[in-house]
2 protein chains.
Amino acid sequence: MAVMPDIPVPKTPSIAAARREFIDLWGQMANHWGINRTMAQIHALLMVTAEPLTAEQLMEELQISRGNVSMNLRDLINWGIVRRTSTPGDRRDFFTTEADVWAMFQVIMRERKKRELDPLLTRLEECLRLAGKKPESSDSPAERAAHESYVKRVAELRDFFNTFDRLFLRVLDSQPGSLSRAVKIIDKFL
Amino acid sequence: MAVMPDIPVPKTPSIAAARREFIDLWGQMANHWGINRTMAQIHALLMVTAEPLTAEQLMEELQISRGNVSMNLRDLINWGIVRRTSTPGDRRDFFTTEADVWAMFQVIMRERKKRELDPLLTRLEECLRLAGKKPESSDSPAERAAHESYVKRVAELRDFFNTFDRLFLRVLDSQPGSLSRAVKIIDKFL
DNA sequence: CTTTTCCTTCAAAACTTTCTGAAACACACC
DNA sequence: GGTGTGTTTCAGAAAGTTTTGAAGGAAAAG
């Protein structure tokens, strides 16, 4: 079967430069956030392209190997922010990302909560459990002070992240636009 | 002059294990957040210790080199979350971290906003500027569609992060405990 | 059944980040 | 000045992460 025409990647200088700038920006931000640069660039390219893209197009535009594209797409799909689609009559897979920024943000938040916040809370409890109850009166005063300050600070952190967790949950099942409504409400009441 | 007695690091099994657990936890979390593990461990150790510690004690407890301690302390001090203190009659420097979780959180937020969010917003504007105004009517329909979807998505991201930025600002100059008040308010109104 | 096309995997290579230890520095004290 | 004590710096080593490219697999087309 004949290969489809495809390649909707723009050639106009201005838009091409703008796209490169955005891809570069998103890649750099990813670094700050502990995410692999190439993975973020693939995501960026999918975000600014209306049509689904093939692995081939991603390789071409980002100048990276097929294997790299394949593995990073797998991770993006596992994160839930990229979808694989296919067209009848075309053997290639096509990839897209969630168009709606709010929906994308929710997916990312939900995943990070699951991977980071939930384990953090579990392990903070473990930290407190390990410290044991009250220090024995047989312990030296220095020991007892150390115990007390440890428990005090770890418990404060736990309370803090618990509050954070509740905030996450509220934001996660709220409507698009809630973030800006939240800002307005907070403006008014804090 | 005689060396001070010092070393308040606890020897009791339970509390020592709990401290190690917490230091390990904080180090792992740091990785997820794009922060150097050792830096986070130094911070963790200072957090769970009431007394100021010397570089020597940090080396000893974390089993890391003097140079490593020195450089990471410099970074922590630049971040504004660790303070160097000195005692009259002792040539060594002592280090402490902010005791209050909320205050610490604010310092970190403020710094991350300055380093990440502000540049992100500036560069997103640049991405839009580069794309130029309306596409020329001389451009092909495909080009015009590409331009349109690019501008639409980047503008949405900019709006989203702008809202985020405002939320940051509100949280930054609010009182301790505001986070949990915010949760309650949001509960009520969203 | 063979070829073609596309996707995935994985070991090794390339690259990046972090850490060490030795040297340089700083400064109080004699 | 010199000596003792503590800190900083930085080049190179070690560790960790990412990328490549070749091999293997799967499924449609011939």
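This is a predicted model, so every value here is computed, not measured. In what follows, chains carry the letters A, B, and so on, assigned in the order in which the sequence lines appear, proteins first and then strands, with residues in each chain numbered from 1.
Among pairs with a residue in residues 150-163 of chain A, those fulfilling salt bridge (Lys or Arg N to Asp or Glu O under 4.0 Å) read E125(A)-R158(A), K152(A)-E156(A), at least two apart in sequence or across chains. Sorted by first and then second residue, the salt bridge (Lys or Arg N to Asp or Glu O under 4.0 Å) pairs with a member in residues 35-49 of chain B form an empty list; sequence neighbours excluded. Within the structure, the salt bridge (Lys or Arg N to Asp or Glu O under 4.0 Å) test picks out the following pairs touching residues 62-80 of chain B (sequence neighbours left out): E56(B)-R66(B).
Remark: A44(B) engages F22(B), I23(B), W26(B) in a side-chain contact (heavy atoms from CB on, under 4.5 Å) (not counting sequence neighbours). Under the side-chain contact (heavy atoms from CB on, under 4.5 Å) criterion, I108(B) pairs with W79(B), I81(B), M104(B), R112(B), sequence neighbours left out. Not counting sequence neighbours, Q106(A) has no partner by the side chain to side chain donor-acceptor pair (under 3.5 Å) test. Under the side-chain contact (heavy atoms from CB on, under 4.5 Å) criterion, L120(B) pairs with L25(A), M29(A), W33(A), L117(B), L124(B), F161(B), not counting sequence neighbours.
If you measure from atom CZ of R92(A) to atom C1' of dA29(D), you get 16 Å, rounded to the nearest angstrom. The distance from atom CZ of R91(B) to atom P of dT3(D) is 15 Å, rounded to the nearest whole Å.
For dT8(C), the OP1/OP2 oxygens have a side-chain nitrogen or oxygen of R84(A) closer than 4.0 Å.
Contact record, R115(B) with N78(B): NH2-O, 4.2 Å, taken as the closest heavy-atom pair.
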For this session: Encode nucleotides 9-24 of chain C as B, S and - characters from 5' to 3', where the letter depends on protein heavy atoms closer than 4.0 Å: B to the base, S only to sugar-phosphate, - to neither.
Result: BB-------SSBB---
Restricting both atoms to N or O, compile the protein contacts to nucleotides 12-14 of chain D shorter than 3.5 Å, with distance only.
none

